[in-house]
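Single-structure report; data block below.
By convention in this document, chain letters (A, B, ...) are assigned in the order of the sequence lines, proteins followed by strands, and residues within each chain are numbered from 1.
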Amino acid sequence: MKKRGDSAISPTREEDYPQWYQQVIKASGLAERSAVRGCMVIRPWGYALWENITSALDAMFKATGIQNAYFPLFIPLSFLEKEAEHVEGFAKECAVVTHHRLEKGPDGDLVPAGRLQEPLVVRPTSETIIGDSFSRWISSYRDLPVLINQWANVVRWELRTRIFLRTSEFLWQEGHTAHATSGEALERTLLMLDIYARLAEQYLALPVIKGRKTASERFPGAVDTFSIEAMMQDRKALQAGTSHFLGQNFARASGIKFQNAEEKEEYAWTTSWGASTRMIGALIMTHGDDDGIILPPRVASAHVVLLPIYRSAQDKSAVMTYTESLARELKEIRYHETLLRVQVDDRDTGGARNWDWIKKGIPLRVEIGPRDIAQNAVYLGRRDKGNTDKISIKRDAFVAKLPQLLDEVQKNLYERALTYRNAHTITLDDRDGFYSLFTPNNADHPEIHGGFALSHWCGSSACEVKLKEELGVTIRCIPLENPSENGACICCGQPSKERVVFAKAY
RNA sequence: CGGGAAGUGGCUCAGCCUGGUAGAGCACAGCGUUCGGGACGCUGGGGUCGUCGGUUCAAAUCCGACCUUCCCGACCA
């Protein structure tokens, strides 16, 4: 027997967190790097997870009156030039299409030909092209609100990519709405933020902080940006969804005007909001352990795998019959809004088979052998427990308890994550303590350190810049549910009325 | 884009300093023995050593350029 380490993934989180992240993804079969710079291939196990996330989100959107639509991948360059701050923020890091044909070159290679009169930008986000449609769809207050979402891919030519967290191309949804009043638009902005928080907490088992971004972290062209922020196991913050109140800035840029009930012409008030495949990165880094990823049952690519165990051909036929009948029975069981997703793995690959599923993060593993059949039972392992922590349970009881069992796993994951976040969220008022929290002991190979610091901030961007330069720490958000409290800025000591969340971030 | 490291069968890597046309472990296929177990034995398939160019009788090995990946930083809508 080949000896392996105590854990399936090497290095462990403690040893090298960034490397652990890469290895966990590789071992899980969620995704892999592609031949194209900075772009990933999402494999079936990862795409199933994404589909479960999207269908949950999509249902929540539609429940609030959102309709899906689709807009072009290409945006005329001039569109991006319409909103001044938007130009500032998006001028860089875009893929640009300049030609529309390939011709055979002198060496037999293909060379671009047919130069476009106006270059097309591969959408980094679609405010401008959707705004163009909105400007034609809207002419009266009776046309409002317009509530649109699109599921799409976008391209941002990031300099440093990381699978799921920041890839050149990624999948997301972007919602765009237009309203007759500022108040209604703001309400929509916050409603969508709530939906993201609900998705994170109830489906992904990620505790998040809802908050407002500071001016320097705001979406270019937005009046106000809100986000949900989660803590990863290296104690860095990850923004898992954003919702923007755009005021009338984009309406003005795209000419989205309407006549109000008083017959006066007005610009519409717009919002935009998005969540992406990055959420999968958040899920991996929040729940993963040194044996791989752990999928929360509400979105898991599959809920349970049946692992038949047999020796003789005779055993095999009995075990397979039992396994298949159990699989059929399980597939009928409802779990929240779906049916149970059941896998049967009858490969004869010894113990490696069990480890494969551990690394894939499936919530429940069920072994079925002659011994179990004799007792009309199954042998059950939970991914949120140790890999040898398995129990025998009567088949009937197992079937009856399954949804409840999955909910226990779901709850356990959420509570573990919340406990971790709370343990590393520190209320800090002294500057030295703040600096030591965010300074690693080994600068060349930083250990896991830091956390969320709840500290006062005077409101000046000078202090933000200073802390970012000296510590690499930024204000992740100003929590929405924030008690008013008098204090002194952690950086400059000027008076402050509330605490904000400081952290290192992805 | 700046600093650092690296690119050799699917994966992890050795070989490179001291040039002579490829190795290991894992994975994979077949057979046998096992088996509630990340099993063992035997046999076998698979790589023109990131790309292009240079030096040389000869290059994975030396030189140059480029590409890509990873880490840190800047950037991150």
Separation of the [atom1] atoms in [N] and [M], to the nearest angstrom:
{"N": "B:G64", "M": "B:G4", "atom1": "P", "answer": "15 Å"}
{"N": "B:C63", "M": "B:A6", "atom1": "P", "answer": "14 Å"}
{"N": "B:G15", "M": "B:G53", "atom1": "P", "answer": "28 Å"}
{"N": "B:C67", "M": "B:A29", "atom1": "P", "answer": "39 Å"}
{"N": "B:C40", "M": "B:A5", "atom1": "C1'", "answer": "39 Å"}
{"N": "B:A27", "M": "B:G46", "atom1": "C1'", "answer": "12 Å"}
{"N": "B:U56", "M": "B:U12", "atom1": "P", "answer": "37 Å"}
{"N": "B:C11", "M": "B:G32", "atom1": "P", "answer": "31 Å"}

Is any N or O donor-acceptor pair between the side chain of A:Asp372 and the base of B:G36 shorter than 3.5 Å?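 A donor-acceptor contact between them is present.
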
Distance in angstrom units between [X] [atom1] and [N] [atom2], rounded:
{"X": "A:Asp389", "N": "B:G36", "atom1": "CG", "atom2": "C1'", "answer": "16 Å"}
{"X": "A:Leu471", "N": "B:G73", "atom1": "CG", "atom2": "C1'", "answer": "15 Å"}
{"X": "A:Arg311", "N": "B:G36", "atom1": "CZ", "atom2": "P", "answer": "6 Å"}
{"X": "A:Trp355", "N": "B:A39", "atom1": "CH2", "atom2": "P", "answer": "11 Å"}
{"X": "A:Ile391", "N": "B:G36", "atom1": "CD1", "atom2": "C1'", "answer": "16 Å"}
{"X": "A:Leu307", "N": "B:G38", "atom1": "CG", "atom2": "P", "answer": "12 Å"}
{"X": "A:Trp20", "N": "B:C70", "atom1": "CH2", "atom2": "P", "answer": "16 Å"}
{"X": "A:Glu158", "N": "B:U69", "atom1": "CD", "atom2": "C1'", "answer": "17 Å"}

Is A:Lys390 close enough and on-axis enough to A:Tyr379, meaning under 6.0 Å and within 45°, for cation-pi?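 Checked: cation-pi criterion not met.
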
Given the ring of A:Phe71, does A:Arg123 sit roughly above its face, with NZ or CZ under 6.0 Å from the centre of the six-membered ring and within 45° of the axis?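 Output no; distance or angle outside limits.
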
From the options [options], select the nucleotide whose nearest atom is closest to the side chain of [X].
{"X": "A:Gln19", "options": "B:G38, B:C70, B:G37", "result": "B:C70"}
{"X": "A:Lys468", "options": "B:C75, B:G38, B:C70", "result": "B:C75"}
{"X": "A:Arg353", "options": "B:C75, B:G37, B:U12", "result": "B:G37"}
{"X": "A:Arg371", "options": "B:G36, B:C70, B:C11", "result": "B:G36"}
{"X": "A:Leu159", "options": "B:A74, B:U68, B:U34", "result": "B:A74"}

Suppose we define a pair by two distances each less than 3.5 Å, Watson-Crick or G-U wobble; what does [N] pair with here?
{"N": "B:C26", "answer": "B:G10"}
{"N": "B:U21", "answer": "none"}
{"N": "B:C1", "answer": "B:G73"}
{"N": "B:C62", "answer": "B:G54"}
{"N": "B:C40", "answer": "B:G32"}

Once you apply a heavy-atom cut-off of 4.0 Å, does [X] come out as touching a base, just sugar-phosphate, or nothing?
{"X": "A:Gly381", "value": "nothing"}
{"X": "A:Lys390", "value": "nothing"}
{"X": "A:Pro370", "value": "base"}

For residues [X] and [Y], is any side-chain donor paired with an opposing acceptor at under 3.5 Å?
{"X": "A:Thr177", "Y": "A:Thr271", "result": "yes"}
{"X": "A:Arg188", "Y": "A:Thr64", "result": "yes"}
{"X": "A:Glu127", "Y": "A:Thr125", "result": "yes"}

What is the glycosidic conformation of B:G37: syn, defined as within 90° of 0, or anti?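 What B:G37 shows is a syn base, its glycosidic angle lying within 90° of 0.
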
Among A:Asp315, A:Asp346, A:Asp372, find the residue that satisfies the side chain to side chain contact (heavy atoms under 4.5 Å, CB included) test when tested with A:Pro308.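 Going through the options one by one, the only one that passes is A:Asp346.
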
Looking at A:Ile358, A:Thr286, A:Asp289, A:Ile362, which hits side chain to side chain contact (heavy atoms under 4.5 Å, CB included) with A:Ile294?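 Only match with A:Ile294 under side chain to side chain contact (heavy atoms under 4.5 Å, CB included): A:Asp289.
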
Please compare A:Gln22 and A:Glu367 by the position of their nearest nucleotide in RNA chain B and report the one closer to 5'.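 Here A:Glu367 is the residue nearer the 5' end.
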
Using heavy-atom distances to pick each residue's nearest nucleotide on RNA chain B, tell me which of A:Val36 and A:Val155 is more 5'.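 Between the two, 5'-proximity favours A:Val36.
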
Considering residues, nucleotides and ligands other than A:Gln314, do more than 12 of their heavy atoms fall under 6.0 Å from its CD?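 No, the 6.0 Å shell around CD holds no more than 12 heavy atoms from other groups.
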
Distance test, side-chain N/O of A:Lys26 to OP1/OP2 of B:G10, below 4.0 Å: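 Looking at the OP1 and OP2 atoms of B:G10, neither is under 4.0 Å from any side-chain N or O of A:Lys26.
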
